[in-house]
Amino acid sequence: MMNIDSEKYIILVYFDLKPGHRSDFMPLMLENAQKSKADEPGCLVFDVLCRTDDPDRIVLYEIYENRAAFDAHLASPHFLSFDKAAYQHVEKKSVIELNLEYT
């Protein structure tokens, strides 16, 4: 039996940081995550994960109430500030959209 919620908008974001940039990137990332959870009612989960085999590879797991909540996140002042400041520390970024099949 599956509990499917097709309204939730879920993404994984992968950051490959430039060598030596982790100490500058992480405070920006953590502030963005904290403000997203505190200031955005549609942001349900915002986990910042670090790969055990490579600390310069950061993974975000984010769940939003729906796509509109994610779009509001992208337009928020704290995200725009993070995106502008963090760009210089990132070598590669990729985003994967997911569907919630079971919880």
Side-chain angles (χ1 to χ4, degrees):
M1 192 158 150
M2 299 183 90
N3 178 16
I4 299 175
D5 187 343
S6 61
E7 289 295 311
K8 300 287 188 273
Y9 186 75
I10 305 164
I11 60 169
L12 289 176
V13 183
Y14 294 90
F15 291 99
D16 291 336
L17 303 181
K18 294 177 181 176
H21 284 249
R22 180 182 164 79
S23 63
D24 293 322
F25 176 83
M26 287 306 291
L28 300 169
M29 181 74 264
L30 296 175
E31 179 182 18
N32 179 51
Q34 291 165 351
K35 287 185 177 183
S36 296
K37 286 291 295 168
D39 299 345
E40 299 174 32
C43 179
L44 306 176
V45 174
F46 198 122
D47 293 337
V48 180
L49 310 164
C50 175
R51 288 186 43 169
T52 58
D53 64 337
D54 186 350
D56 286 336
R57 299 187 84 189
I58 307 301
V59 179
L60 306 182
Y61 177 66
E62 302 174 50
I63 301 177
Y64 294 87
E65 192 63 43
N66 51 39
R67 177 61 199 235
F70 178 68
D71 291 340
H73 166 70
L74 294 179
S76 68
H78 64 267
F79 173 80
L80 294 172
S81 176
F82 160 78
D83 198 44
K84 183 177 179 181
Y87 185 77
Q88 64 185 322
H89 307 297
V90 177
E91 193 162 290
K92 181 181 175 187
K93 175 184 173 183
S94 60
V95 178
I96 298 172
E97 296 178 349
L98 302 167
N99 289 322
L100 181 63
E101 297 291 332
Y102 179 80
T103 184

(request) Kindly assign one of parallel, tilted or perpendicular to the pair F15 and F82, based on the angle between their ring planes and the thresholds 30° and 60°. (result)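 Plane angle over 60°, so perpendicular.
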
(message) Does L49 form a side-chain contact (heavy atoms from CB on, under 4.5 Å) with I58? I'd like the steps, not just the answer.
(response) CA-CA 6 Å; L49 310 164; I58 307 301; over 6 Å; no

Let me confirm one number: the [atom1]-[atom2] distance from [X] to [Y], rounded to the nearest 0.5 Å.
| X | Y | atom1 | atom2 | result |
| --- | --- | --- | --- | --- |
| L100 | E7 | CG | CD | 11.5 Å |
| I11 | F46 | CD1 | CZ | 7.5 Å |
| D16 | K93 | CG | NZ | 12.5 Å |
| Y14 | L60 | OH | CG | 10.0 Å |
| Y64 | S36 | OH | OG | 5.0 Å |
| D56 | E91 | CG | CD | 9.5 Å |

For residues [X] and [Y], report the shortest heavy-atom separation together with the two atoms involved.
| X | Y | answer |
| --- | --- | --- |
| K37 | L44 | NZ-O, 2.7 Å |
| F25 | H89 | CB-CB, 4.0 Å |
| E65 | A69 | N-CB, 4.1 Å |
| C50 | P55 | SG-CA, 3.5 Å |

Using side-chain heavy atoms (C-beta onward) and a distance below 4.5 Å, is [X] in contact with [Y]?
| X | Y | value |
| --- | --- | --- |
| L12 | Y61 | yes |
| E31 | S81 | no |
| E40 | S76 | yes |

Quick check: is [Y] connected to [X] through a chain of hydrophobic side chains (ILVMFWY, heavy atoms under 4.5 Å apart)?
| X | Y | result |
| --- | --- | --- |
| L28 | V95 | yes |
| L74 | M29 | yes |
| L80 | Y87 | no |

(message) Looking only at side-chain N and O atoms, does Q34 offer a donor or acceptor that is under 3.5 Å from a partner on H78?
(response) no

